[in-house]
Protein chains: 2
Amino acid sequence: MAPTIKLQKAAPLKVSCQQCSLSNLCLPLAVDEQDLDRLENVIEQGRIYSRGEYVFEQNSPFRSCIAVRSGAIKTTMVTENGDEQVTGFYLPGELVGLDSLSSSKYACSAKALDRTSVCELPADQLEELSHKLPGLQHHFFHLMSQEIQNSHQLALMLSKRTAEERIASLLLSLSSRFQRRRLSPTHFQLPMARNDIANFLGLAVETVSRVFTRFQQQRLLTARGREVELLDVNALRQIAQEASDDKPCF
Amino acid sequence: MAPTIKLQKAAPLKVSCQQCSLSNLCLPLAVDEQDLDRLENVIEQGRIYSRGEYVFEQNSPFRSCIAVRSGAIKTTMVTENGDEQVTGFYLPGELVGLDSLSSSKYACSAKALDRTSVCELPADQLEELSHKLPGLQHHFFHLMSQEIQNSHQLALMLSKRTAEERIASLLLSLSSRFQRRRLSPTHFQLPMARNDIANFLGLAVETVSRVFTRFQQQRLLTARGREVELLDVNALRQIAQEASDDKPCF
DNA sequence: CGCAATCTTGAACACCCTCAAGCATGGTGG
DNA sequence: CCACCATGCTTGAGGGTGTTCAAGATTGCG
């Protein structure tokens, strides 16, 4: 129960969803002016969290869904016997908290992996608004079913794939998500620590480390700390057992 | 691409949702008469599938969500390189296909594990109707976010739990789902084969078998084929690492 | 600069998988 | 009705992938 320290509550720069560079990823609505106004009245913008700070905590009252604007967020679930499972990594343009819509409490915790700014969609207004805007309802159905698929893909990986396959998959997933944002798909900073990768993929930290060095020996990539450059994407795809022209898993 | 053999398309006995014994599990709507009528006009009832038959197949056009009335269904995903992952088991009162709402094709296949009757909620009418009935929209948000949580719980199990823990969890999950339907929580038929259990839990069939015999030696349960009797639920709970008064995982 | 956190590397062990064979079960056909 | 075969389940032995434990290297930050 670490107290969440809010260093920066203040003065977010107000940006409308229309102007937001992520609008096509986050809430790509085919709606008219009036609908957009409604949406923007509901969304609270610009909260900034610093690295390590909790955006929300498991079992605390479900207030809102979170859209990442910059930075990165990891979500974790804690079991009764105390061990933690990382359930996802969320980059700009992605929505956190969809798994909590079912109850009055957050189903997981969300922690900023970096200096991170977010927009909030308050829970109480979310259902009402998506009732008024069929496009929004559709989008939420879409996002949630996507999240289910992603989670199933993750389960498949965890139950059937080797350490190398899992890590190759994760790297490729990150790669394509960076690409979506017009960033380099081959040269980027990992938003998370080795520890988080290990936990997420169901491996020991040591294994993750070993696989990274093995990949470097094979000239598939170079990595110094969190900085990664993918040298042979196709080889990684083969390892990940993805068809080359296929969508990423998660 | 095995052709689906439809032995029984005929003459389902028409039962209204109000009369259905599963109504409180399936679509527990706090809606008025008129709304229920609307719902029932949309739902197609009583298709019956025999054991092994596909209810729908992955990548075929998404037609409808499926509510199980009797029997049981397993869902599976196939990857490009051909191996199959069981993503869930669905018992009467549970909804199949929520992970496909995002696209025009089914994200997984659904196969009857037994003689199984279902109700269908056609895709095209589903969004429209849940727009008209806020209660239905709420319920779908609820179900989908529950499904995400379940899948996260599964991921946690696959990445962190031993074979014994996983199997204990599955048995307890089935137990409480039988109990919900006013059936014995300690004495029931497994709807699925060992093979399916193994695949679902990310284990080899042999491991599943060995754990079952070990559990029997410890007098935790008796099993003959698919018939199972749980003898020491609390011990199983401890193994599964559940708090005794807690909700089941999946 | 020095401490803490993160990451890497090595050696031994454990859990589960693979392979292989034997055993029930149930459905089919002679 | 029983033999037969297919399928599903169980049991055993051996080996591999990843974990655990332990120590050292590197990085980041006050």
Side-chain angles (χ1 to χ4, degrees), chain A residues 2 7 50-53 74 83-86 111 113-115 157-171 189-218 221-228 239 241, chain B residues 2 7 50-52 72 74 83-86 111 113-115 157-171 189-218 221-228 239 241:
Chain A
L7 291 177
S50 47
R51 176 188 280 214
E53 206 178 334
K74 76 167 174 187
D83 54 16
E84 199 173 86
Q85 163 79 6
V86 174
K111 199 181 213 174
L113 288 168
D114 220 329
R115 171 161 275 255
M157 281 231 314
L158 292 172
S159 78
K160 298 246 186 314
R161 303 287 190 234
T162 66
E164 297 199 349
E165 291 164 357
R166 297 181 202 186
I167 290 174
S169 290
L170 178 59
L171 288 173
Q189 292 280 122
L190 295 175
M192 73 296 274
R194 299 281 189 279
N195 229 324
D196 296 324
I197 296 179
N199 187 311
F200 179 63
L201 297 178
L203 300 168
V205 200
E206 296 92 326
T207 307
V208 175
S209 202
R210 274 184 255 271
V211 170
F212 267 95
T213 51
R214 226 176 297 154
F215 280 173
Q216 292 191 76
Q217 288 162 359
Q218 301 173 250
L221 54 82
T222 57
R224 257 198 346 279
R226 293 190 175 190
E227 190 182 346
V228 170
I239 292 173
Q241 313 211 36
Chain B
L7 291 176
S50 46
R51 177 189 281 213
K74 77 168 173 186
D83 55 15
E84 200 173 84
Q85 163 79 7
V86 174
K111 199 181 213 174
L113 288 168
D114 220 329
R115 170 161 275 254
M157 282 231 312
L158 292 172
S159 78
K160 298 247 187 312
R161 302 288 190 233
T162 66
E164 297 200 348
E165 291 164 357
R166 298 181 203 186
I167 290 175
S169 290
L170 177 59
L171 289 173
Q189 294 278 122
L190 295 175
M192 73 296 273
R194 298 281 188 278
N195 231 323
D196 295 325
I197 296 179
N199 187 309
F200 180 62
L201 297 178
L203 301 168
V205 199
E206 295 94 325
T207 306
V208 174
S209 203
R210 275 184 253 272
V211 171
F212 267 95
T213 51
R214 226 176 295 155
F215 280 172
Q216 291 190 75
Q217 288 163 358
Q218 301 173 249
L221 54 82
T222 58
R224 257 199 346 282
R226 293 190 175 190
E227 191 183 345
V228 169
I239 292 173
Q241 314 212 36

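In the text below, chain A, chain B and the rest are named by the order of the sequence lines, each starting its count at 1.
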Can you check the B:F215 CZ to D:dT10 C1' distance for me, whole Å? 16 Å
Expressed as a whole number of angstroms, how long is the span from B:L158:CG to C:dC15:C1'? 16 Å
Return the value, rounded to whole Å, for the distance between atom CE of A:M157 and atom C1' of D:dG18. 15 Å
Lys/Arg-Asp/Glu bridge criterion (N-O < 4.0 Å) met for A:D114, A:K74: no
Quickly work out the A:R161 CZ to D:dT17 C1' distance and round it to whole Å. 16 Å
Can you tell me if A:E53 uses its side chain to pair, donor with acceptor, with the backbone of A:S50 under 3.5 Å? yes
Closest nucleotide among C:dC17, C:dC7, D:dT10 to the A:R194 side chain: C:dC7
Can you work out whether A:R214 or B:G225 has the more 5'-proximal nearest nucleotide on DNA chain D? B:G225
Could you check how far CG of B:L190 sits from C1' of C:dT25, rounded to whole Å? 16 Å
Could you check how far CG of A:L203 sits from C1' of D:dT20, rounded to whole Å? 14 Å
Which listed nucleotide (C:dC7, D:dT20, D:dG18) is nearest to the side chain of A:A204? D:dT20
Looking at A:R210, I'd like to know whether one of its side-chain N or O atoms comes within less than 4.0 Å of OP1 or OP2 on C:dT9. no
Whether B:R214 and B:E164 form a salt bridge (side-chain N of Lys/Arg under 4.0 Å from carboxylate O of Asp/Glu) is what I want to check. yes
Nearest-Å distance for atom pair CE/P, residues B:M192 and D:dG8: 15 Å
With respect to the side chain of A:R226, which nucleotide from C:dC7, D:dC9, C:dC16 is positioned closest? C:dC7
Starting at atom CG of A:D196, determine the distance to atom C1' of C:dT6, rounded to an integer number of angstrom. 11 Å
Would you indicate what A:G52 reaches in the nucleic acid, counting non-hydrogen atoms under 4.0 angstrom: base, sugar-phosphate, or nothing? nothing
Is there a side-chain contact between B:T213 and the phosphate of D:dT11, meaning an N or O under 4.0 Å from OP1 or OP2? yes
At less than 3.5 Å, do the side-chain atoms of B:E206 and the base atoms of C:dC19 form a donor-acceptor pair? yes
Ignoring hydrogens and angles, tell me if any N or O in the side chain of B:R226 forms a donor-acceptor pair with the backbone of B:P191 under 3.5 Å. yes
Test item: B:R161 side-chain N/O and B:R166 main-chain N/O as donor-acceptor pair under 3.5 Å: no
